[in-house]
Asks: 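So that we are looking at the same thing, I have put the structure below in structure tokens.
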Amino acid sequence: MKRMSLWEYANPKKFMATTNVVLPWISVLAAICLVVGLVWGFFFTPDDFRQGSTVKIIYLHVPSALMAINAWLMMLVASLIWLVRRHHVSALAARAAAPVGITFTLIALFTGAVWGQPMWGTWWAWDPRLTSFLILFLFYLGYVALWEAVENPDTAADLTSVLCIVGSVFALLSRYAVNFWNQGLHQGATLSMDKEENIADIFWYPLLVAIAGFVLLFVALVLMRTRTEIRARRLHALQMRERMG
Amino acid sequence: MPELGKYAVWVLSAYGVSLALIVAIVLQTVLRARRVRERLDKAEARRGNG
Amino acid sequence: MIRLFSRDLTLAVRAGGGFGLGLAFFLIVTVLVPFGVGADTAQLGRIAPGILWVGALLACLLSLDRIFQLDFEDGSLDLLATAPVPLEGVVMMKALAHWVTTGLPLTLAAPVLGLLLNLAPAGYGWLVLSLALGTPALSMIGAFGAALTVGLKRGGLLLSLLVLPLYVPTLIFGAEAVSRGASGQAATTPLILMAAITLGTLALLPFAAAAALRINLR
Amino acid sequence: MLLRVHDLSCARGGVPVLERLSFELSPGDVLVLRGPNGSGKTTLLRTIAGLQPPIAGRIEAEDGAVAYGAHADGLKATLSVAENLRFWAGVYGTGGIDAALAAFDLVQLQDRQAQNLSAGQKRRLGLARLLVTGRPVWALDEPTVSLDVASVGLFADAVRAHVAGGGAALIATHIDLGLESRVLDVSAHRAVAPVDALDEAFL
């Protein structure tokens, strides 16, 4: 999505030069948004009359859940760009995003479980959404493991891209399957996570800031990791050349 | 410190674990960036000399 | 194409273990479960659909890495890739051979194991039907995973890691169909959904798997 | 013209090994590839067989003209000689295997399982596969490994018969086959300044 109209940044050199300028700004902005959003949410919002202070968890749960899914979507787009246009930066960006996505998924899972615990009375309920995130986590693991396992970087990029596309389809199928399955077992989920729908302004503004913080954090981390991956590839190329004499 | 009531443990653990995870991924990213950068600089220097 | 299929079958038969190993594994898994959860027949009957499906899935997983690995090692895969047969077809035939040697025997043996687990009488038909419709998808998805990991030295574990999440929808609908059927509810909806997944898988995954094979042979 | 290679460069594992190779094969031609180990003969043959894309240049051949003979014979240990051969004949949609068996002196062995063959016998079976492909261009990678003198003679005869029938052969080998052939020394085409082409973008 991000790079669709910006093909020239798919050139590693240009990418390095541009991100070199942009990255500090994004990082600082990400830090500011995160701190403001979370501090605001944690210290300066009232408790919900029904859920008490657990409502404060949404400032972590909603943004991380959002970014866990968006990170995968970004990887999917980057994989498609790599397969179609063979831009190296695209493949490396997909690789760079995966561990960040895993982290967000873990945060979403943990905060979801903690949030639900007082409501459900159990640490882990097979709530459809929570279960879907667990499955997403497994997809991330497989993706990262495949990257690590294949030696030739271009082969790895190709294979992981194919996996990402196929995995996306199956992740979507799993989402619907899990919904279906849970209906069949219990009478619906006991706790809906749809806080967004009837949320009061007083919760909404800090949440928006926190979401912006997570988005910026994701962008900053992915840019930085992509830069590292580009350097690693360059290092690999140089070492190859040294060996060839 | 805001009054967290009977859910204090849950809320605090959610924040604690989440922040720890964020710090971990940021640290990992920065450290790896630094390590790769150093190795690359060395390789570039070798290339420049040789 | 047919030749490839019959060759794979012949090889599986002559290598021994082709049919037997997966079945034996399926049997052992199902026999072990009561030791773990207790011998309460009512409870066993309730969880039997899930156990049978998970058991079948694991038994299927066991032989996946052999789909392409042997052919890769002895060079036949290179030769097949340069032969006048589409690689997509090769994948199809390999998955089909895998299904005949694992999925089909599992389907046929499942009712017997259902008896051991005290599956409700109404469930047997659904069990066989759901396995018959679902295991082809397991073989095809497995062939895709095997194609992704064919060149890797220790691909077996990675293969499981890649394939198991892809099995989730089939497993959910399959087990759901059986448990609904066993408890006398209408089981056609999950069954139809699962059949749709199987059809979609058979139609599209051969292309993905062939692409992965080409990348790995490069 | 059966095969025309024009200005071809090819890479192994992302590292270019050969560049600017050009040659042609007409019916009746035998071209022997020479060069030290690791000089890229196998990579060249795999590229021509279509298993990997060239990094530059063109390969012109009719679809399905090239039969590739690799280091590995692709034999199944538990199948008999005849079954192995019949499988490949089926895949290539050609007829009988008798001529191929006869050409490599395998008639006596045809019911033996491939796992009970000696290394040389396996190699002969692998080469007999070429005859059942019915393809005009043979691209062979060290075909004479583990063959004895008599078997090398059989192989040379097979190649001679093949090219006499309008085929052509591209053979990477170290030994003298006693065939009338041109020689291409690939070490002259070793990729100089071995830039990692696939990583070029990063240099």
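Computed over heavy atoms, backbone and side chain alike; hydrogens, waters and symmetry mates excluded. Every chain is numbered from 1, with letters handed out A, B, ... down the list of sequences.
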Asks: A side-chain contact here means heavy atoms from C-beta on lying under 4.5 Å apart; do Ser76(C) and Trp88(D) qualify?
Replies: yes
Asks: For Leu157(C), is the CG atom crowded, meaning more than 12 foreign heavy atoms sit under 6.0 Å from it?
Replies: no
Asks: Do other residues, nucleotides or ligands put more than 12 heavy atoms under 6.0 Å from Glu62(D) CD?
Replies: no
Asks: Flag the one option from Gly50(D), Ala72(D), Gly126(D), Ala77(D) with the top tally of heavy-atom pairs under 4.5 Å to chain C.
Replies: Ala72(D)
Asks: Of the backbone (N, CA, C, O) and the side chain (C-beta and beyond), which part of Leu70(C) lies under 4.5 Å from a heavy atom of chain D, both, or neither?
Replies: both
Asks: Between Arg12(D), His71(D), Arg129(D), which residue shows the highest count of heavy-atom pairs closer than 4.5 Å to chain C?
Replies: Arg129(D)
Asks: Between Asp73(D) and chain C, which part of the residue has a heavy atom less than 4.5 Å away: side chain, backbone, both or neither?
Replies: backbone
Asks: Yes or no on side chain to side chain contact (heavy atoms under 4.5 Å, CB included) for Asp78(C) and Leu51(D), after CA distance, side-chain angles and deciding distance?
Replies: CA-CA 7 Å; Asp78(C) 277 347; Leu51(D) 284 168; 4.0 Å; yes
Asks: Does any N or O in the side chain of Arg7(C) come within less than 3.5 Å of the main-chain N or O of Lys76(D), such that one atom is a donor and the other an acceptor?
Replies: no
Asks: So which of Asp71(C), Leu79(C), Leu80(C), Ile215(C) has the biggest tally of heavy-atom pairs under 4.5 Å with chain D?
Replies: Leu79(C)
Asks: Looking at every heavy atom in both Arg135(D) and Ala83(C), which two are closest together, and how far apart are they?
Replies: NH2-C, 3.9 Å
Asks: OG1/Thr82(C) to OH/Tyr92(D) distance, rounded to the nearest 0.5 angstrom?
Replies: 4.0 Å
